[in-house]
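These numbers come from the heavy atoms of this one structure, side chains and all, not from hydrogens, waters or symmetry mates.
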Amino acid sequence: MKKKEKAGRALAVLELLKKRYPVPETMLVHENPWELLVATVLAAQCTDARVNTITPELFRRWPGPAELAEATQEELETVIRPTGFYHNKAKNLLGAAKRVTEVFGGEVPHTIAELVTLPGVARKTANVVLWGGFGINEGLAVDTHVKRLSFRLGLTEHTDPVRIEKDLMLLFPREEWGDVNHRLVWFGRDVCDARKPACGECELFSLCPRCGLKKGGD
C-alpha cells in the first residue's frame, strides 16, 4: 500500500474513533503520574478493572515512591498478588520507587529516556505515563490491542511493537498519539476482539482490509 493511501486510511480511522470515543482516557484510576506508573506496571497481563481493585489499598499503605521504597518484597506481594506475576511486579515496583526517590528526587521523570531507566518500565509504559501523567506526546504506546488493530487495519506490516510505534507515529498527528492509544484500546475491547471480532457491528469495516484475520480470530 502506498504511504499516501495508508495515511488517508489512518486519518479516516481516527475520525470514526473520535465519534465513538469523543473523550478517551485510560481506565486505570490514578491521581498523579506515580500512581499511573504503578497501575500501568500492575496492568501487564491483568485487566484494568482488577488493578483498580488493588491500587486503593496499595496507595493507602504507600502513598508515594518514598513510602513504597521502604516496603518489603513480601509486604508488596501480599497486596498485589491478584494481579498475577506478582513477584516480578513487586521487585520492579520497589526498584522503581527507590530510583525515583534517590535519583529523581521523588518526582516521576518526564522523558522516555529517563523513564525507561526505571525497573519494569519499557516504552509502552513510558508513553502511557508521559501522556496520562504529563500531557506529553513523545511516542505512541503499543499494547496488545494497538498491535492487533494496527495490523488488521493495514496500518503496519510489522509485529514488533517498536516498529509498529514508528509506523503509527508517521501516520497520526503528534497531538493525537496519546488518544490514539486509548481509542484503539477501547475499540479492541469493545468491538475488535482478538478471537471473535464483531466485524458485522464495526464502523471501521469499510476501511479495514482485515489483514491476517482468519475465521474466528488472528
### Query
Is the number of heavy atoms from other residues, nucleotides or ligands within 6.0 Å of CZ (Arg50) greater than 12?
no

### Message
Quick check for you: to the nearest 0.5 Å, what is the distance between Leu153 atom CG and Leu207 atom CG?
### Response
8.0 Å

### Query
Closest approach of Val108 and Val129, non-hydrogen atoms and distance?
CG1-CG1, 4.1 Å

## Note on the structure
Interatomic distance, CZ@Arg152 vs CG@Leu204, rounded to 0.5 Å, equals 12.0 Å

#### Entry: Side chain Asn52, main chain Met27, donor-acceptor under 3.5 Å
yes

### Query
Are the side chains of Val191 and Trp186 in touch, meaning some heavy atoms are under 4.5 Å apart?
no

### Query
Rounded to the nearest 0.5 Å, how far apart are CG of Leu171 and CG of Leu11?
8.0 Å

### Query
Is the backbone N or O of Gly84 less than 3.5 Å from a side-chain atom of Lys89, with the two atoms forming a donor-acceptor pair by type?
yes

### Flag, side chain of Asn137 to backbone of Gly178, donor-acceptor distance under 3.5 Å
yes

### Salt bridge present between Lys6 and Glu157 (N-O < 4.0 angstrom)
yes

### Query
Which pairs count as salt bridge (Lys or Arg N to Asp or Glu O under 4.0 Å) when at least one residue sits in residues 23-36, sequence neighbours excluded?
none

### Message
Testing the basics here: between Ala43 and Asp48, what is the closest heavy-atom pair and its distance to 0.1 Å?
### Response
CB-OD1, 3.8 Å

### Query
If you draw the axis of the six-membered ring of Phe205, does the NZ or CZ of Arg210 fall within 45° of it and under 6.0 Å from the ring centre?
yes

### Task
Please check if the side chain of Asn127 supplies one atom and the backbone of Gly139 the other of a donor-acceptor pair under 3.5 Å.
yes

### Message
Is there a side-chain contact between Ser150 and Leu168 in this structure, where contact means two heavy atoms from C-beta onward sitting under 4.5 Å apart?
### Response
yes

### Message
I'd like to check Leu37 versus Leu118 (side-chain heavy atoms, cut-off strictly below 4.5 Å). Are they in contact?
### Response
yes

### Message
Within the 4.5 Å heavy-atom criterion, are Leu93 and Leu42 side-chain neighbours or not?
### Response
yes

### Query
In terms of side-chain geometry, is the basic nitrogen of Asp143 or Arg148 positioned less than 4.0 Å from the acidic oxygen of its partner?
no

### Task
Find out whether Leu58 and Ile80 are in side-chain contact, i.e. whether some heavy atom of one side chain is under 4.5 Å from a heavy atom of the other.
yes

### Task
Compare every heavy atom of Thr117 with every heavy atom of Arg99, then report the nearest pair and how far apart it is.
NE-OG1, 3.0 Å

### Query
Between Gln73 and His87, is there a donor-acceptor pair closer than 3.5 Å when you use the side chain of the first and the backbone of the second?
yes

### Query
Between Cys46 and Val51, which heavy-atom pair has the shortest distance, and what is it?
SG-CG2, 4.0 Å

#### Entry: Point-to-point distance, once rounded to the nearest 0.5 Å, from CD of Gln45 to CZ of Phe85
5.0 Å

### Task
Check Gly133 against Pro33 and note the closest heavy-atom contact, atom names and distance.
O-CG, 3.6 Å

### His30 side chain to Leu28 backbone, donor-acceptor under 3.5 Å
yes

#### Entry: Greater than 12 external heavy atoms within 6.0 Å of Arg163's CZ
no

### Query
What is the distance from atom CD of Glu75 to atom CD of Glu70, rounded to the nearest 0.5 Å?
10.5 Å

### Query
How would you list, by chain and number, every residue that makes a side chain to side chain donor-acceptor pair (under 3.5 Å) with His110, sequence neighbours excluded?
none

### Summary
What one should report as the nearest heavy-atom pair of Ala69 and Thr101 is CB-OG1, 4.3 Å

### Message
Donor-acceptor pair, distance only, cut-off 3.5 Å: does the side chain of Glu67 make one with the backbone of Gly64?
### Response
yes

### Query
Side chains of Phe172 and Leu14: does their closest heavy-atom pair fall under 4.5 Å?
yes

### Summary
Quick note, salt bridge (Lys or Arg N to Asp or Glu O under 4.0 Å) partners involving residues 164-187, not counting sequence neighbours, are Lys18-Glu176, Arg123-Glu165, Glu176-Arg183

